[in-house]
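In this text, all values refer to a predicted model and were calculated from it rather than measured experimentally.
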Amino acid sequence: MTFSIHGLAVARGIAIGRAVIVASSRVDVAHYFIDAADVDAEIERVRLARNQVVEEIIRLQQTLGGMKPKDAPQELVALLDVHLMLLQDEDLIGGVKQWIGSRLYNAEWALTAQLEVISRQFDEMEDEYLRERKADLEQIAERVLRAMKGAPSPLAPPLPPREARPKSKQELLLDDTIDVPLILIAHDLSPADMLQFKKSVFAGFVTDVGGKTSHTAIVARSMDIPAVVGARSASQLVRQDDWVIIDGDAGIIIVDPSAIILAEYGFKQRQFEVERQRLTRLRHTPAVTLDDQKIELLANIESPDDAAAAVNAGAVGIGLFRSEFLFMGRKGKLPGEEEQYEAYRRAVDGMQGLPVTIRTVDVGADKPLDKPNDRSAREDNHLNPALGLRAIRWSLADPAMFLTQLRAILRAAAHGQVNLLFPMLGHGSEIRQTLALLDHARAELDNRGMAYGPVRLGAMIEVPAAALTLPLFLKYFDFLSIGTNDLIQYTLAIDRADESVAHLYDPLHPAVLRLLADTIAACHASGKQVSVCGEMAGDVTLTRLLLGLGLRSFSMHPAQILAVKQQVLRADTGKLAPWAQEVLVSENPAALLAA
């Protein structure tokens, strides 16, 4: 039966394919595709892990059997019998083998996929007792996952971890023999998860949670695939292998579509691709308005490999290299100076002489590290992680880490034009402490006799305190970059990753527009460059307004550059300026934009 689920549209386009459910688990589960030659080995991994758990349960049963009847808890005896029965159930093991053999899922993924299938069957059972056995199924699946991971079992002494299996060359890449598009559906995806899936075959993705400017959504846009977040119960309503349509323009997921609906969306999908191809003709066209204003269109990237996409899209530089993605998904081991230096140098080389703006690490809030003992990781348990130890606060709290990054960036600057951007500054004391550490990093490189280059210094304007004390920032920095995602969040007191308040997240709120306009005007008056690097820069519905407010430098994901350039080429800033002032003083700016 066809039904639809509504969420928040975060990345444009139409995706049609089979659903791949990434189930939640208290045990971290790796999701990757294996080589066909590894199928038997993966099935053997599942078999050995299952046998290990069976042996543990049998040992515990023997221990209970040696107790006096009054001391042996009968509930536990019965529970262990149920667990043994489920472990030997052919629907579970046969299904796991099927996922591995036909879809080339790795063993852990196959187990969680089959768990999802059987769990749905339990949910549909009329007998309450049988329905409650779903929890037992989840427990034994978790034990098998732990066994595959080499984690200690609650039923047995710790075992030595299994030798780490090298990742397949086709990790996160689908074998050519399987040509059905896949749609990833999950409760949530961390930024590190998104980076893992960035080079995968997934044609689109859906999450239950998240907002339009959560970092999951931001990375989705950088992947240039249709995506919907904040879809609430999508991961519970959609089943493994269901046919799914993602309408990334409307924020709708259509499940089990009819033939007529499939044909309609297939036509829309082809239209979208035709329009995308038309835009590629603008790649080499200079971004100049009708009244001869030159506009700088820059790219936001997450990794050095993204530089190629930026060049292909016609970007005239990198306006934001989010360096924090180098720090994520590393099991607590932060990148050293050499690794960072090589990454930044690759980005500089990849831009072929164009400038690269590197933002120092911005972790915390919706971009936590997975380092167990790190304070930024513990912020997840904070009631308001967005207000805690994040971005520059985290860097200043760990000077050794910060100095390592600063040295790496300075060294990369010897290879080309590098701008150094600091996030979330709000206090004069933070500015002075940051610049002192930068001087210290230079002194360390001098003492080593290592080459480094000059950098232009910039600050993010993303908290109202910074926007309201611009003279202080203009005194110390060569340029400013407005991070609209956080500026909106902090101005309106809204968690941008929380779908329950997503309707209040408003880039056209008069207070937000006033802070934007004042920042742009102050920079122009002082002769300092200013850009917008938040999601507003890549929103074509806001391009004319930003041009009218005086913005001449936009930084966005490479996939958005050509669409924004099209708006720039059609704009006359002389005519837009008075209209933008009307929008600025309006009680309902959205109405004027829609007119």
Side-chain angles (χ1 to χ4, degrees), residues 1-25 28-33 95 99 102-106 108-121 123 138 141 172 174 178 180-198 200-212 214-221 223-257 261-262 265 269 497 499 502:
M1 182 183 71
T2 301
F3 64 94
S4 61
I5 304 169
H6 292 255
L8 302 173
V10 296
R12 295 189 61 219
I14 305 295
I16 303 172
R18 293 277 193 182
V20 174
I21 311 296
V22 176
S24 300
S25 172
D28 290 335
V29 175
H31 299 82
Y32 56 86
F33 294 100
W99 289 116
S102 64
R103 279 292 182 83
L104 301 183
Y105 288 1
N106 67 300
E108 291 86 352
W109 189 357
L111 179 59
T112 55
Q114 187 60 16
L115 171 64
E116 181 73 21
V117 171
I118 299 178
S119 292
R120 297 294 173 85
Q121 296 172 2
D123 288 338
E138 291 171 344
L172 300 176
L174 194 60
I178 303 173
V180 178
L182 300 179
I183 306 294
L184 184 66
I185 298 179
H187 176 70
D188 194 13
L189 292 169
S190 71
D193 292 332
M194 290 303 301
L195 283 184
Q196 270 197 315
F197 289 126
K198 195 164 183 177
S200 74
V201 296
F202 294 112
F205 80 86
V206 178
T207 61
D208 295 343
V209 300
K212 282 193 172 184
S214 63
H215 277 81
T216 301
I218 290 172
V219 177
R221 281 188 283 273
M223 293 167 68
D224 197 21
I225 60 174
V228 173
V229 302
R232 300 296 176 96
S233 54
S235 65
Q236 281 78 48
L237 295 174
V238 182
R239 300 170 184 266
Q240 289 281 3
D241 258 10
D242 274 351
W243 277 100
V244 173
I245 296 172
I246 297 178
D247 185 335
D249 297 300
I252 297 173
I253 305 103
I254 301 172
V255 184
D256 193 19
I261 294 174
L262 273 173
Y265 274 93
Q269 191 177 46
E499 73 280 1

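- Here the side chains of Y265 and P257 are not in contact, with every heavy-atom distance at 4.5 Å or above.
- The line from OH of Y32 to CD of E108 is 5.5 Å long, rounded to the nearest 0.5 Å.
- R232 has no carboxylate O lying under 4.0 Å from a charged side-chain N of D208, or vice versa, which leaves the two without a salt bridge.
- Within the 4.5 Å cutoff, side-chain heavy atoms of V255 are placed close to those of I5.
- Using a 4.5 Å cut-off on side-chain heavy atoms (C-beta onward), V228 and I252 make no contact.
- Ring geometry, F33 versus F202: the interplanar angle falls from 30° to 60°, so the pair is classed tilted.
- Taking CE from M1 and CG from D256, the interatomic distance works out to 8.5 Å, rounded to the nearest 0.5 Å.
- Classification of D247 and R12 as a salt-bridged pair fails, no side-chain N sitting under 4.0 Å from a carboxylate O.
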_Under the criterion side-chain contact (heavy atoms from CB on, under 4.5 Å), I'd like the reasoning laid out for W99 against V117: C-alpha separation, chi angles, the key distance, then a yes or no._
CA-CA 11 Å; W99 289 116; V117 171; 4.0 Å; yes
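- Here the CZ-CG distance, from F3 to D242, works out to 6.5 Å after rounding to the nearest 0.5 Å.
- The only member of L237, I21, T207, I246 that meets side-chain contact (heavy atoms from CB on, under 4.5 Å) when paired with I185 is I21.
- No side-chain heavy atom of V206 sits under 4.5 Å from any side-chain heavy atom of V229.
- To the nearest 0.5 angstrom, L262 atom CG is 6.0 Å from I16 atom CD1.
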